[in-house]
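Structure first, then comments.
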Amino acid sequence: MQEFADREQIVQALLLVLPVAVLATLVMLLVKSAKKKKSKRKAVGDGAAAAQLIAMPAEPSPVAAAIDAHAALTVKLRDAEADGDNAVLAPIYLELAHTHRAAGRENEAMRALRSAAGIASKFGPRAAHAEARLELAEMAFNAGDLTSACEHWQMAKTALFDDGQRDAQARIERRMKDQGCPTDWVLTDF
């Protein structure tokens, strides 16, 4: 009976230790990868570009590249949020949306675009707000949701106006007219 109790305690201990060990291994791999990338950038910046390019492996697949970019952007986003650097959050969310789309994760891309649009509407930059709204508009339009597309185009048009991008604003207005969107909307709290 004592042998059974000892085995049970060992199993319980393993169940507690195993997740911690896996997490520690993942953290070590992430740190090692970040150090390796940093040293590669430093080597290229130090004039060792030719040697570095010769030693570099073949290009990663687009999905692997998107995963790497996503991981780097997640760290960048976390750091910016921790620092309270609201002005850089929207562009990071835009980049994150692009990595999601490259990996075929449309729902995650849409969430990242909404975050980019919401943050940029409050903290800027206006160009990021416009870009996020334009991408959301195209996604809505491609999904057959003209009402949402028109709303996003209208908000993008306003952001472009506020940013002084009159030519881009005019292009969006033409796109809206071509699709039958009203161009005299007054939108609030979107």
Side-chain angles (χ1 to χ4, degrees), residues 26-27 30-31 33-35 37-38 41-42 45 62-179 181-190:
L26 289 173
V27 168
L30 183 62
V31 168
S33 174
K35 285 181 181 178
K37 286 180 183 179
K38 186 176 180 182
R41 282 188 299 236
K42 186 174 181 340
V63 173
I67 290 170
D68 287 346
H70 181 269
L73 288 169
T74 301
V75 169
K76 211 170 153 180
L77 185 62
R78 185 188 66 227
D79 291 347
E81 287 174 339
D83 294 342
D85 195 357
N86 295 327
V88 300
L89 290 175
I92 295 171
Y93 272 113
L94 276 172
E95 287 183 68
L96 193 59
H98 297 155
T99 63
H100 282 307
R101 289 189 90 180
R105 296 185 303 259
E106 293 295 314
N107 289 336
E108 290 86 349
M110 192 171 286
R111 275 195 291 277
L113 287 170
R114 285 186 189 121
S115 294
I119 291 168
S121 72
K122 292 179 183 175
F123 304 109
R126 290 182 182 117
H129 183 208
E131 183 179 344
R133 291 295 178 184
L134 289 172
E135 290 187 38
L136 285 166
E138 291 306 317
M139 291 174 85
F141 181 76
N142 290 335
D145 184 357
L146 185 58
T147 301
S148 293
C150 290
E151 290 171 353
H152 288 298
W153 281 323
Q154 178 65 34
M155 287 182 273
K157 188 177 87 164
T158 301
L160 291 167
F161 176 83
D162 292 343
D163 197 37
Q165 297 185 42
R166 301 298 190 257
D167 291 340
Q169 176 197 1
R171 282 192 302 273
I172 298 307
E173 189 162 345
R174 275 193 305 278
R175 173 96 162 116
M176 291 174 69
K177 285 179 181 177
D178 290 346
Q179 299 307 320
C181 298
T183 57
D184 57 350
W185 289 359
V186 177
L187 299 175
T188 56
D189 297 327
F190 274 77

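If you read the sequence from its start, that first residue is 1, and numbering goes on from there.
- At least one donor-acceptor pair closer than 3.5 Å links the side chain of Arg166 to the backbone N or O of Phe161.
- Shown here for Ser148 and Asp145, the closest heavy-atom pair between the two residues is OG-OD2, 2.6 Å.
- Between Ala137 and Ala149, the shortest heavy-atom distance links the atoms O-CB, 3.4 Å.
- Checked against side chain to side chain contact (heavy atoms under 4.5 Å, CB included), Glu95 has the following partners two or more places apart in sequence or in another chain: Leu73, Lys76.
- Ile119 places a side-chain heavy atom less than 4.5 Å from the side chain of Tyr93.
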*Could you walk me through whether Met155 and His152 pass the side chain to side chain contact (heavy atoms under 4.5 Å, CB included) check?*
CA-CA 5 Å; Met155 287 182 273; His152 288 298; 4.0 Å; yes

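- The shortest non-hydrogen separation linking Cys181 to Leu146 is SG-CD1, 4.4 Å.
- Considering all non-hydrogen atoms of both residues, Arg133 and Ala156 come closest at CB-CB, 3.7 Å.
- Residue His129 holds its NE2 atom at 11.0 Å from NZ of Lys122, rounded to the nearest 0.5 Å.
- For Phe141, the ring-ring contact (aromatic ring centres under 6.0 Å, His included) partners are Trp153, not counting sequence neighbours.
- For the pair His98/Glu135, a side-chain contact is recorded, criterion being any heavy-atom separation below 4.5 Å from C-beta on.
- Pairing each heavy atom of Ala90 with each of Gly124, the nearest pair is CB-O, 4.0 Å.
- For the atom pair CG (Leu136) and CG (Leu113), the distance works out to 4.5 Å, reported to the nearest 0.5 Å.
- Environment of CG in Asp178: crowded, with over 12 heavy atoms of neighbouring residues, nucleotides or ligands closer than 6.0 Å.
- Residue His100 forms a side chain to side chain contact (heavy atoms under 4.5 Å, CB included) with just one option from Met110, Arg111, Arg105, and that option is Arg105.
- When the salt bridge (charged side-chain N to carboxylate O under 4.0 Å, His left out) test is applied to Arg175, the partners found at least two apart in sequence or on another chain are Glu138.
- Contact annotation: the side chain of Gln154 never approaches that of Glu151 to less than 4.5 Å [non-hydrogen atoms, C-beta and beyond].
- From Thr74, atom OG1 reaches atom CG of Asp79 across 11.0 Å, with rounding to the nearest 0.5 Å.
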